[in-house]
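Have a look at the structure below, then the notes.
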Amino acid sequence: MHTVRVWDLPTRLFHWALVVCVIGQIVTANVGGNWMNWHLRLGYTVLTLLLFRLVWGFVGGHWSRFSSFLYAPSTVLNYLRGQARPEHRVGHNPLGAFSVFALLAILLLQVGSGLFSDDEIAFTGPLVSLVSGEAVSLATSYHKNVGKFIVLALVVLHLLAIVYYRFAKKENLVRPMIVGDKQFPTAVPNARDSTQSRLLALGVLCLCALAVYGLAGLGAASGF
């Protein structure tokens, strides 16, 4: 058996930080009141993490790159028919890849709509002043009444998939996301996870944080 580094440290830290922040956002949104300040801060953090993951999808470790799990429709259909290829067990399989892209897109849309939302009670997004009242109402309605339920549904599906693979296919998806490694009977490429790549990840994260900080300040700069 070959021990293979599948998930580099930056990818693993991103994953678990996103889990904590999404749970925190769900809790603070339902508690309301002064907790909405933390909801906003967690929203900034989630946006920073998502931007990081988008960049890391191009410059990160082999199995974290989008190119390693961007499958053609025919490949997805063959996988569903039981015609999986050996490499599908390394990183994200075709269904897992769909889940990743769906979560990234929905979370970006949810956080983005939050920036333009105003519940007229305890929360005002930082970019409300940049758009019309109609746009604010639309963003608020989506954020409160649509987006959060889609996020919850995707999270539940994600958890169900983990349980299914653990007990039906005898494949532990959680452990590799903690330790980074998997074992395979054949040699497959290792994800780059060196000190240099981790420093690169830190630099990317800092740049993403600065971008979010600048984005959040646009409303204040416009006189909000």
Note: R198-D193 ion pair, threshold 4.0 Å (strictly below):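 Counted as a salt bridge, because a side-chain N and a carboxylate O are separated by less than 4.0 Å.
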
Residues D8 and R65 bridged, charged N to O under 4.0 Å: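 Result for this pair is no, no salt bridge flagged.
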
Ring centers of H88, Y71 separated by less than 6.0 Å: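 Yes, the ring of H88 comes within the 6.0 Å limit of the ring of Y71, centre to centre.
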
Centroid separation F101 to F66 less than 6.0 Å: yes

Side-chain contact, heavy-atom cut-off 4.5 Å: [X] with [Y]?
{"X": "W63", "Y": "P189", "value": "yes"}
{"X": "L127", "Y": "L215", "value": "yes"}
{"X": "V31", "Y": "V27", "value": "yes"}
{"X": "P126", "Y": "Y44", "value": "yes"}
{"X": "K148", "Y": "Q110", "value": "yes"}
{"X": "E171", "Y": "R166", "value": "no"}
{"X": "P10", "Y": "F52", "value": "yes"}
{"X": "S117", "Y": "V136", "value": "no"}

Distance (rounded to the nearest 0.5 Å) between [X] [atom1] and [Y] [atom2]:
{"X": "L173", "Y": "I178", "atom1": "CG", "atom2": "CD1", "value": "11.5 Å"}
{"X": "L107", "Y": "L47", "atom1": "CG", "atom2": "CG", "value": "10.5 Å"}
{"X": "N190", "Y": "H62", "atom1": "CG", "atom2": "NE2", "value": "10.0 Å"}
{"X": "R53", "Y": "T11", "atom1": "CZ", "atom2": "OG1", "value": "5.0 Å"}
{"X": "D118", "Y": "T124", "atom1": "CG", "atom2": "OG1", "value": "4.0 Å"}
{"X": "R175", "Y": "W7", "atom1": "CZ", "atom2": "CH2", "value": "15.0 Å"}

Please give me the minimum heavy-atom distance between [X] and [Y], naming the atom from each residue.
{"X": "P176", "Y": "R12", "value": "O-CD, 3.9 Å"}
{"X": "G61", "Y": "A191", "value": "CA-CB, 4.2 Å"}
{"X": "S197", "Y": "W56", "value": "O-CH2, 3.3 Å"}
{"X": "M36", "Y": "T28", "value": "SD-O, 3.8 Å"}

More than 12 heavy atoms of other residues, nucleotides or ligands under 6.0 Å from [atom1] of [X]: is that the case?
{"X": "E134", "atom1": "CD", "answer": "no"}
{"X": "H15", "atom1": "NE2", "answer": "yes"}
{"X": "N145", "atom1": "CG", "answer": "yes"}

